[in-house]
Student: 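A single structure is presented below for examination.
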There are 2 protein chains.
Amino acid sequence: MNKDNQTDQIILEAARRVFQRSGYGGARMQEIANEAGINKASLHYYYRSKEKLFQTVYRQDIKVFLVPLVGILRDPFLTLEVRMRTFVGSYIKTLLKNPGLPLFIMQELSSNPGRLISLVEDHVPGVRSRSADEEESPMLAVFIGQIRNGMDDGSCNKVDPEQFILSMISMCVFPFVGRPLIRLLLKKGEQEYRDFLARREEEINEYLHRILFRNHQPIDGPRY
Amino acid sequence: MNKDNQTDQIILEAARRVFQRSGYGGARMQEIANEAGINKASLHYYYRSKEKLFQTVYRQDIKVFLVPLVGILRDPFLTLEVRMRTFVGSYIKTLLKNPGLPLFIMQELSSNPGRLISLVEDHVPGVRSRSADEEESPMLAVFIGQIRNGMDDGSCNKVDPEQFILSMISMCVFPFVGRPLIRLLLKKGEQEYRDFLARREEEINEYLHRILFRNHQPIDGPRY
DNA sequence: CTTTGGTTTAACTATTTAGTTTAAAACAAT
DNA sequence: ATTGTTTTAAACTAAATAGTTAAACCAAAG
C-alpha cells in the first residue's frame, strides 16, 4: 500500500530550509508547505505539529553539527597534530555543505536553552556529567592533556588549552555564522566567498601551528 | 508638560532583551510589555508598531556592534600592531557588555538580508561602493596594506590578509555567538565563562602576534 | 471492476497575536 | 481647586496562523 514515498523527506528538507532561514518563531507552516510543494494539511498528516516537525529537524541538525566535532575532539587515538588537522578539515567541509547550520543551532539554543539542551545531550553523552573523579571537561580531557604534555616537553608554546581550542573552533565556525556581514566587509560575491572558505582550511592549519608548535617554521611562498 | 520620562527607554531596553532572546518573529508584544512592566497599549502609544520598535532597537544595536569595529579597522593613523591590539581590546569589552548582540544581529541579517543591509550601510558608509578606482575592500585597504608592507619588509610572516583579519574577528566574536554551546563543552558556569572571556583578550593578542610577526618570541610563564 | 487503505486537498475552526478604542487615572500648570 | 494634557488599563477588533475535518483521489489487492 505504501506509495514509495519520499514526501516526508521532501517535507523535512523544506522545513530545514525554512527553519534555518527564519527560526522556529519566524517560520510559518504555510511557507514550509509551499517550499515542499504540498498542501498544509499534508504537513500535519506527516508531522503532527510544528513543534514535532521542528524537533525532528533540530535533532538531525544537532547530530550533523556536533557528532563529528565531539568525535574528533575526544578520539583517544589521534596525535595532537593530526587531531587539529582532522578537526579543521572535517569541519570546514561539513559546514561548506551546510552553511546555515551553526547559526540556526546557536539561535534556537539561545532562545530556548531549556528545551534543547537535552537534545544536545542525547548526541553528546557526557556533557552533563561532572563527576568527582573527572577534574575538568572530560570531553576535552585527552586533547587538553596532549597540549599540556607538549608544553611540558618543550614542543609546544605556552597557551591556555581551553582558549586555544576555542580559537580553533572559532576560526572554523564563525565565517559561516557571520557570513552575510563578512561578505559585506570583504565585498565578496556568493561564489567568491565559497572559494575563500574552501581555501581557509590550510590557512587555519598554518595559523594553529604557528600558535602552538615551538619548532614550527612559518611557510614561505608567493605573497597573497 | 512632559513627565521626565524614562518609560520609552525602559521599553527600548525590554524590547532589546526580548528581541535578542527570540528574534523578530519569535518576539511577542505582550512579552515585551510584561518585561517592561507596562500595558501592551502603552507599547503602541510609544512605538506605533512592532516593526517600528524593532527597527529602533536594531538600528542602535548595529551601531554599537559595527561602528567601533569599522572605525578601528580603517583608522588611518594606527600602526599595524596597535590596530590589532585596539581592535581586540575594544571588541571584547563591547561584547562583554552586550553578550547577546552579535547572535541577534547575525540572526536578523540572515532571515531578512534585504530589509537590513540598508540599515547597515547607514552606519558603515562605503560598504556598497565598489568603484573602479578601488581594487579591493576599501574598508580594509589600509589594514591590508600594512600587512602587505610587513610581509614585503620581512617583519611579517606570510598570510592571506583577509583570512588573517577574519581570524581575528572570529576569535573575538564567536565565543559570544556560541556561548551556550561552548559553555556546555567547557562545562563552565555563567560567571566562570565571563572570567574566561575577560582573560581571552591577552590570549588572542598573543596568538595574533605568533601568527603574524616574524620576530615575535612566544611568551613564557607558568603553565595553565 | 470494485473494494480497501493510505494520501492529498479545499474548506473550515480555534487560537494566537498585532493593533485600536475608550474611558479613567495621573499629572502639570494655572 | 480647575483645567487641559499625557499616560495607563481593560476590553475590543482584525488579521494571521496552527491545526482539523471530511470528502476526493489513487494505487494496489481481491
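Every chain is numbered from 1 and lettered A, B, ... according to where its sequence line falls, protein lines coming before strand lines. What's counted below: heavy atoms across the whole structure, side chains too, no hydrogens, waters or symmetry copies.
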Student: Roughly, in whole Å, what's the span from CZ in A/Arg48 to P in D/dG19?
Tutor: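 That distance rounds to 11 Å.
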Student: Scan B/Phe19, B/Phe104, B/Tyr24 and name whichever one has a ring pair (Phe, Tyr, Trp, His ring centres under 6.0 Å) with B/Tyr58.
Tutor: B/Phe104
Student: Answer with base, sugar-phosphate or nothing: what part of the nucleic acid does A/Ala27 contact at a heavy-atom distance below 4.0 Å?
Tutor: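 Counting heavy atoms under 4.0 Å across all strands, the contact made by A/Ala27 is with sugar-phosphate only.
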Student: Compare the minimum distances between each of C/dG19, C/dT8, D/dG19 and the side chain of A/Tyr46, then state the nucleotide with the smallest one.
Tutor: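 Between C/dG19, C/dT8, D/dG19, the one nearest the side chain of A/Tyr46 would be C/dT8.
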Student: Whole-Å distance between C/dA10 C1' and A/Lys40 NZ?
Tutor: 11 Å
Student: Within the pair B/Thr7 and D/dT6, is there a side-chain N or O less than 4.0 Å away from OP1 or OP2?
Tutor: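 Negative; the distance criterion is not met.
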Student: Has the side chain of A/Arg83 got a donor or acceptor atom that lies under 3.5 Å from a matching backbone atom of A/Ile72?
Tutor: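 Pair found, side chain donor or acceptor close to backbone of A/Ile72.
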Student: Within this structure, what is the CD-to-C1' distance between B/Glu31 and C/dA18, rounded to whole angstrom?
Tutor: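 Rounding to the nearest Å, CD of B/Glu31 and C1' of C/dA18 are 15 Å apart.
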Student: Relative to the 5' end of DNA chain D, which residue comes earlier, A/Arg28 or A/Ala41, by the nucleotide with the nearest heavy atom?
Tutor: A/Arg28
Student: C/dT9 P sits how many Å from A/Ile11 CD1, rounded?
Tutor: 10 Å
Student: Please report, rounded to the nearest Å, how far the C1' atom of D/dT6 is from the CD1 atom of B/Ile38.
Tutor: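 Taking CD1 of B/Ile38 and C1' of D/dT6, I get 14 Å after rounding.
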Student: Is B/Gln146 reaching over with its side chain to a backbone N or O of B/Leu78, donor-acceptor style, under 3.5 angstrom?
Tutor: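 At least one qualifying donor-acceptor pair exists.
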Student: Among B/Val57, B/Ile38, B/Leu12, B/Val18, which residue meets the side-chain contact (heavy atoms from CB on, under 4.5 Å) test with B/Ile32?
Tutor: B/Val18
Student: What is the distance, to the nearest angstrom, from the CG atom on B/Asn34 to the P atom on C/dT17?
Tutor: 12 Å
Student: Measure the distance from OH on A/Tyr47 to C1' on C/dT7 and round it to the nearest whole Å.
Tutor: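 To the nearest whole Å, that distance equals 15 Å.
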Student: Roughly how many Å is it from OH in B/Tyr45 to P in C/dT21, rounded to a whole number?
Tutor: 15 Å
Student: Do B/Arg16 and B/Glu13 sit within salt-bridge range, that is, some charged N less than 4.0 Å from a carboxylate O?
Tutor: yes
Student: If you check every side-chain atom of A/Lys50, which of C/dT9, D/dT8, D/dG19 has the closest atom?
Tutor: D/dG19
Student: Does a side-chain N or O from A/Asn39 land closer than 4.0 Å to OP1 or OP2 of C/dA10, or not?
Tutor: yes
Student: Looking only at the side chain of A/His44 (C-beta and beyond, no hydrogens), which of the listed nucleotides C/dA10, C/dA18, D/dT20 gets closest?
Tutor: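 Given the options C/dA10, C/dA18, D/dT20, the side chain of A/His44 is closest to D/dT20.
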